[in-house]
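Taking it in order: structure first as structure tokens, then the write-up.
Below, chains carry the letters A, B, ... as their sequence lines are ordered, and counting in each starts from 1.
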Amino acid sequence: MKIVLFGTNEFSLSVLKGLIDNHFEVVACVTQPDKVNGRNGKISFSPIKNFCLDNGIPVYQFKNLNLEGEAVLKAYNPDIFITASFGQIIKQNILNIPKLGTYNVHASLLPKYRGAAPIQRAIMNGEKYTGITIMQTELGLDAGDMFLKKQIEILDDDTFSSVFNKLSTLGAECIVEFLNNFDTLKSKGEKQNDSLSTYAKMLTDNDYLINFNNTSINIFNQVRALENCYFIYNAKRYKVKACKPNIMHGKAGEILACNGKIGLIISTADTSIEIITIHPEGKQPMPAKAFMNANKFRQGDIIENS
RNA sequence: CGCGGGGUGGAGCAGCACGGCAGCUCGCAGGGCUCAUAACCCUGAGGUCAUUGGUUCAAAUCCAAUCCCCGCAA
């Protein structure tokens, strides 16, 4: 079975490795164009590209996949396309190429959280479960028929990274199971109930800004879902890498404690959150208790979100 | 040549525009004190001020070059 994998990030890579470790024939990969790192001007390759280069797998980066890719991919005479966190829309002329179809490894329990940021949105919303769905890749956004679904629990101490890692592993397991039982599972395809579908919108800068007028649990979920949330204090940006709800309470945004013994506690709409790990501009991430030793914060100040 | 911040005892920072004893909050070690606390009090150890060169009677501080870390933007 000749497979072409479309993917970019570590999730895609986990799926690719799963295929190779289980002796599927991956004849080529398609990944996003290289990105330029603005600070040092260096070019960085996607994880998929690095792996392919190291392992002698042909890898393609089309500026316009739908125009340039058709002839190239047809030449491989592929049986199946697998997509996993590819990040580009694939048009019908490409989807039609493989004999057995194109299938997607999606990191949510469809029809919930279709779209670009399913893991983050699920954690942000305080979901208790998420999972992997293997489904038909169609023009419609993650709306194709479903063939295999597996769920995992989102624990209170899970973060984006931990869920991402679990789902990367599970995604690889699912695609292998799907391909090993292709005929059976393919025949048992299930339509998505569109009326139950939700959309995991792409993340914007505004999603990362912490609003202390929200409740503690919402901020807690936001921080662990995105891991790079921030607030602004004295015109400086502070990223919150980890926090936990606290029982103290004051005016929303009020700094309730800021010293090396207790750390940093900021009031929310209902109670407060304790900042565990903070990342000031220009510095390394560090324990909030350590940074509080520097006396940059003043108790009683209100953090506005502008 | 995209914009910007930073490197100072183990941690986090101040000091630098104007050169003149290495400072603060913690941690650590020893001692004291309290029914108790984010406890408190006393004492102590611990520094190549990123690197290299220059200016100077004198450099963490001024000049030149280099290395490393990070934020924004993309």
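Closest approach to the A294(A) side chain among G12(B), C72(B), A14(B) is made by G12(B) (side chain taken as heavy atoms from C-beta onward). Minimum atom distance to the side chain of R39(A) is reached by C72(B), of the listed C72(B), A38(B), A14(B). For N293(A), taking side-chain heavy atoms from C-beta onward, the closest of the listed nucleotides G71(B), A11(B), C13(B) is A11(B). Which of C13(B), G12(B), A38(B) sits closest to the side chain of I262(A) comes down to A38(B).
The same atom, P, is picked in C72(B) and in A59(B); the two are 39 Å apart, to the nearest Å. G32(B) and C69(B) have their P atoms separated by 48 Å, given to the nearest Å.
Proximity of the aromatic rings of F297(A) and Y238(A) is defined here by a centroid distance below 6.0 angstrom, and this criterion is met. In this structure, the ring of F231(A) has its center no less than 6.0 angstrom from the ring center of Y233(A). For Y103(A) and F178(A), the distance between ring centers is under 6.0 angstrom.
At whole-Å resolution of the value, CE in M286(A) and P in C13(B) are 4 Å apart.
Remark: K261(A) is not in phosphate contact with C26(B), judged by side-chain N or O atoms under 4.0 Å from OP1 or OP2.
Nucleic acid contact class of K236(A) (heavy atoms, under 4.0 Å, all strands): none. Within the nucleic acid shown, K35(A) has no heavy atom closer than 4.0 Å to any nucleic acid atom.
Checking N104(A), D142(A), T83(A) one by one against T137(A), the side chain to side chain donor-acceptor pair (under 3.5 Å) holds for a single residue, T83(A).
When each of E281(A) and F291(A) is assigned the nucleotide of RNA chain B bearing its nearest heavy atom, the one mapping closer to the 5' terminus is F291(A). When each of M292(A) and N228(A) is assigned the nucleotide of RNA chain B bearing its nearest heavy atom, the one mapping closer to the 5' terminus is M292(A).
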